[in-house]
Amino acid sequence: MVELETRELEYFVAVAEELHFGRAAVRLSIAQPALSKAIRRVESRLGVRLLARSSRHVSLTAAGEALLHHGRHALNAVSAAAQKARQAGDADAHLRLVIKPGGDANLLSGILTAYAQQPDARRVDILFGGATDRADYLRDGRADVALLYAPFDDLTRLAYETLHVEDRVAILPTDHRLAARDELRLADLEGETLPRWKGVPGGGTGPELVDVPQMIQMIALGRTIAILPRSLVEPVPPGLVCVPVADAPASRIVLAWAEPDRRPLVASFVAAALAAAGRRRRPTP
């Protein structure tokens, strides 16, 4: 069986991401000749060419693209395993919760209060993630639990419990042709410019956005509209209106954690969050 050392995989990923041996060597704090030799050793061991090199250009072959994709996942898994091992052996571990700024539908204060009353409660460190990367905090071990929005966030390989269900609204400038309506349907919004979210495939044809404050500004300028969970835009900013979209699928705020994580630290927080939200935990299958 062909095996690669973690360090060799790290070397390859750095070169594949930089597409420049000099920059990759600086990033890894090693000499460039040593890095080149390590990459040739990986190619020899695998029996495939990973990089196409010229005097001015480095590019990935099909085999290199495949190794980069799976290599990133492998390195994340190794990092997460080490992190989980340290956490499991640390009796004084803190619980790390990642959220989107303003993305808790006013649930967080009640959840933290309920958790503080648990006999095994630990300190909770709050981390702030971006619009699209909070689920990755769980997969690579940077966070223990996360507040996510379904169906917008990718819940693959995550366990989760629903805390809150809410409707979705169209966020429009006050002078928009539909701003005075009491209710809309998705068909009413056909042809409207919708934003694209950085790092998320597909989406609308409007400006590429990274967070809700940026979106609010672009809507106020008339460059786009958006359909979002109601809690993300309350209170409604000046110059904008929110109109319910009757046939848009409901949004759910979920508390998520890595699927294999069964530590009492996480289970206790999940139980407190469900109690605070007035929900009962689903029975384990």
Side-chain angles (χ1 to χ4, degrees), residues 98-111 128-136 146-156 158 160-256 273-274 276-280 282:
V98 61
I99 65 172
K100 177 192 297 184
D104 67 322
N106 296 317
L107 293 171
L108 186 55
S109 178
I111 291 172
F128 292 105
T132 61
D133 65 351
R134 284 162 294 125
D136 291 334
L147 285 178
L148 304 177
Y149 278 86
F152 309 101
D153 289 305
D154 180 9
L155 300 177
T156 305
L158 300 179
Y160 60 89
E161 292 284 352
T162 298
L163 302 181
H164 177 67
V165 180
E166 60 183 329
D167 65 340
R168 291 164 66 187
V169 296
I171 305 99
L172 312 167
T174 51
D175 59 356
H176 191 277
R177 63 184 179 86
L178 299 172
R181 296 273 293 271
D182 293 327
E183 184 178 89
L184 296 172
R185 303 189 73 80
L186 290 172
D188 298 324
L189 300 170
E190 289 183 3
E192 292 288 340
T193 300
L194 296 173
R196 294 172 293 125
W197 293 100
K198 187 172 183 179
V200 179
T205 59
E208 185 178 72
L209 306 175
V210 297
D211 55 31
V212 172
Q214 194 178 80
M215 178 204 70
I216 295 298
Q217 184 173 11
M218 297 303 288
I219 295 175
L221 292 172
R223 302 293 180 87
T224 187
I225 69 164
I227 305 171
L228 288 181
R230 182 183 292 274
S231 64
L232 286 180
V233 285
E234 288 188 337
V236 182
L240 303 182
V241 296
C242 291
V243 183
V245 182
D247 58 344
S251 169
R252 294 178 292 127
I253 296 181
V254 305
L255 181 68
L274 287 168
R279 292 179 174 268
R280 297 182 61 184
R282 294 171 298 181

Min side-chain heavy-atom separation [X]-[Y] under 4.5 Å:
{"X": "L186", "Y": "I227", "answer": "yes"}
{"X": "L155", "Y": "V254", "answer": "yes"}
{"X": "L194", "Y": "I225", "answer": "yes"}
{"X": "V243", "Y": "L178", "answer": "no"}
{"X": "K100", "Y": "L147", "answer": "no"}

When rounded to the nearest 0.5 angstrom, what distance separates [atom1] in [X] from [atom2] in [Y]?
{"X": "T224", "Y": "R196", "atom1": "OG1", "atom2": "CZ", "answer": "10.0 Å"}
{"X": "E161", "Y": "I253", "atom1": "CD", "atom2": "CD1", "answer": "15.0 Å"}
{"X": "D167", "Y": "D247", "atom1": "CG", "atom2": "CG", "answer": "12.0 Å"}
{"X": "T193", "Y": "R223", "atom1": "OG1", "atom2": "CZ", "answer": "11.0 Å"}
{"X": "R181", "Y": "H176", "atom1": "CZ", "atom2": "NE2", "answer": "11.0 Å"}
{"X": "D211", "Y": "W197", "atom1": "CG", "atom2": "CH2", "answer": "7.0 Å"}

* Evaluate the side-chain contact (heavy atoms from CB on, under 4.5 Å) criterion for residues Y160 and L148: first the C-alpha distance (whole Å), next the side-chain angles of each, then the deciding distance (0.1 Å), finally the verdict. => CA-CA 9 Å; Y160 60 89; L148 304 177; over 6 Å; no
Looking only at heavy atoms, what is the nearest atom pair of [X] and [Y], with distance?
{"X": "D154", "Y": "A135", "answer": "O-CB, 3.5 Å"}
{"X": "A250", "Y": "P151", "answer": "O-CD, 4.1 Å"}
{"X": "V98", "Y": "G129", "answer": "CG2-N, 3.7 Å"}

* Which residues share a side-chain contact (heavy atoms from CB on, under 4.5 Å) with A170, sequence neighbours left out -> L172, L184, L189, V245
* For side-chain hydrogen bond (donor to acceptor under 3.5 Å, both in side chains), just list the numbers for S251 and R168, CA-CA rounded to whole Å, side-chain angles, deciding distance to a tenth of an Å, and then say yes or no. => CA-CA 7 Å; S251 169; R168 291 164 66 187; over 6 Å; no
* To do: Assess whether side-chain contact (heavy atoms from CB on, under 4.5 Å) is satisfied between V210 and M215, documenting all intermediate values.
  => CA-CA 8 Å; V210 297; M215 178 204 70; over 6 Å; no
Judged by atom type as modelled, is there a donor-acceptor pair below 3.5 Å linking the side chain of [X] to the main-chain atoms of [Y]?
{"X": "R252", "Y": "L163", "value": "no"}
{"X": "D133", "Y": "D136", "value": "no"}
{"X": "E208", "Y": "P195", "value": "no"}
{"X": "D188", "Y": "R185", "value": "yes"}

* Asked: Hey, is CD on E234 packed in by over 12 heavy atoms from elsewhere, all under 6.0 Å?
  -> yes
* To do: Take Y149 and E166, measure what side-chain contact (heavy atoms from CB on, under 4.5 Å) needs, and give me the verdict at the end.
  => CA-CA 10 Å; Y149 278 86; E166 60 183 329; 3.5 Å; yes
